[in-house]
Amino acid sequence: MDEANEPGDLPERVRRTVRRVPPGTVVTYGDIAELVDTGPRQVGRIMATDAADTPWWRVVNASGRLPAGLLDEARKHWLDEQTISDPAASRVDLSAKRATWLLDPPSGGD
DNA sequence: TGCTTGACTTACG
DNA sequence: CCGTAAGCCAAGC
């Protein structure tokens with residue numbers, strides 16, 4: 001069974017899934033939502049209310065962006081983790097940095 | 001119990 | 001690329 005499908009509160013499953021996103025890559029709210037079987041709004045709500053010990057900057061919206069207030073903080077992490085190369089960039093290139101492989105995990109759990 | 005809100009997404013112009 | 005509209009689902013009031 002996938003970790004994301006393990007029992008527990010929704011916030012817990014979301015945080016666990018977000019934590020498995022490696023540095024230098026990102027996923028979208030919708031991606032996380034699919035993995036924990038909920039809606040993207042819920043993922044956003046959880047990140048906003050319970051993002052403790054969670055690399056929230058690795059979770060962006062479908063445009064590879066984050067709200068204005070978070071951009072400043074997120075960009076520092078993106079630069080540090082080489083998610084972006086341009087210090088002036090305001091968005092992540094999903095075509096290159098989205099961890100699609102994480103969205104389609106091998107059933108190897110078994 | 002019911003309406004409003006939101007770190008979202010997709011569709012349309 | 002930007003604004004608007006509708007769909008979505010759980011929390012808060």
Side-chain angles (χ1 to χ4, degrees):
Chain A
M1 177 187 295
D2 295 327
E3 294 178 76
N5 288 331
E6 286 180 11
D9 291 335
L10 181 61
E12 188 176 305
R13 285 182 294 174
V14 170
R15 286 185 310 225
R16 189 183 299 135
T17 305
V18 173
R19 276 190 220 112
R20 72 182 245 190
V21 178
T25 67
V26 297
V27 291
T28 71
Y29 290 94
D31 293 336
I32 299 297
E34 289 286 296
L35 290 174
V36 301
D37 191 40
T38 189
R41 308 297 316 244
Q42 282 33 267
V43 178
R45 181 180 63 73
I46 291 162
M47 298 307 290
T49 63
D50 195 5
D53 301 304
T54 304
W56 54 265
W57 55 90
R58 291 180 199 151
V59 184
V60 300
N61 65 22
S63 301
R65 307 181 111 161
L66 281 172
L70 306 172
L71 181 58
D72 186 63
E73 182 99 35
R75 191 163 44 202
K76 294 188 307 183
H77 290 287
W78 291 342
L79 285 169
D80 183 54
E81 300 180 352
Q82 299 188 321
T83 308
I84 60 176
S85 52
D86 183 348
S90 56
R91 59 172 290 184
V92 175
D93 183 351
L94 295 179
S95 303
K97 297 297 184 179
R98 188 181 185 205
T100 53
W101 51 271
L102 194 60
L103 312 180
D104 180 33
S107 55
D110 195 301

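To find a chain, count down the sequence lines: A is the first, B the second, and so on, and within it residues start at 1.
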Between A:W57 and A:H77, how do the two ring planes meet: parallel, tilted or perpendicular, split at 30° and 60°? parallel

Can you name the residues that form a side chain to side chain donor-acceptor pair (under 3.5 Å) with A:D31, not counting sequence neighbours? A:T28, A:R98

Please find the pair of heavy atoms, one from [X] and one from [Y], that lie closest to each other, and give the distance.
X	Y	value
A:I84	A:A89	CD1-CB, 4.0 Å
A:A33	A:P40	CB-N, 3.6 Å
A:A88	A:R75	O-NH1, 4.0 Å
A:Y29	A:M47	CE2-CG, 4.2 Å
A:V27	A:A99	CG1-CB, 4.0 Å
A:W56	A:A51	CD1-CB, 4.2 Å

What I'd like to find out is whether the side chain of A:V60 reaches to under 4.5 Å of the side chain of A:L94, using heavy atoms alone. yes

Evaluate the side-chain proximity of A:L10 to A:I46: yes if any heavy-atom separation is below 4.5 Å, no if none is. yes

Between A:L66 and A:N61, does a side-chain contact (heavy atoms from CB on, under 4.5 Å) hold up when you go through it step by step? CA-CA 6 Å; A:L66 281 172; A:N61 65 22; over 6 Å; no

Starting at atom CD1 of A:I32, determine the distance to atom C1' of C:dC8, rounded to an integer number of angstrom. 17 Å

Whole angstrom is fine here: how far is it from CG in A:D37 over to P in C:dC8? 15 Å

Dot-bracket summary - DNA chain C, pairs being Watson-Crick or G-U whose distances fall under 3.5 Å, with | when paired to another strand: .||||||.|||||

Of all of residues 38-52 of chain A, which get a heavy atom below 4.0 angstrom from DNA chain C, listed by number? A:R41, A:Q42, A:R45

By a strict heavy-atom criterion of less than 4.0 Å, which residues belonging to residues 57-85 of chain A are in contact with DNA chain C? none

Kindly indicate, with the supporting measurements, whether the criterion side-chain contact (heavy atoms from CB on, under 4.5 Å) is fulfilled by A:T83 and A:T25. CA-CA 6 Å; A:T83 308; A:T25 67; over 6 Å; no

Please collect all salt bridge (Lys or Arg N to Asp or Glu O under 4.0 Å) contacts where either partner lies in residues 39-59 of chain A, sequence neighbours excluded, each pair once. A:R15-A:D50, A:R58-A:E81

Mind checking which nucleotides bracket the chain A contacts on DNA chain B, 5' to 3', with an atom under 4.0 Å from a heavy atom? B:dG6 to B:dT10

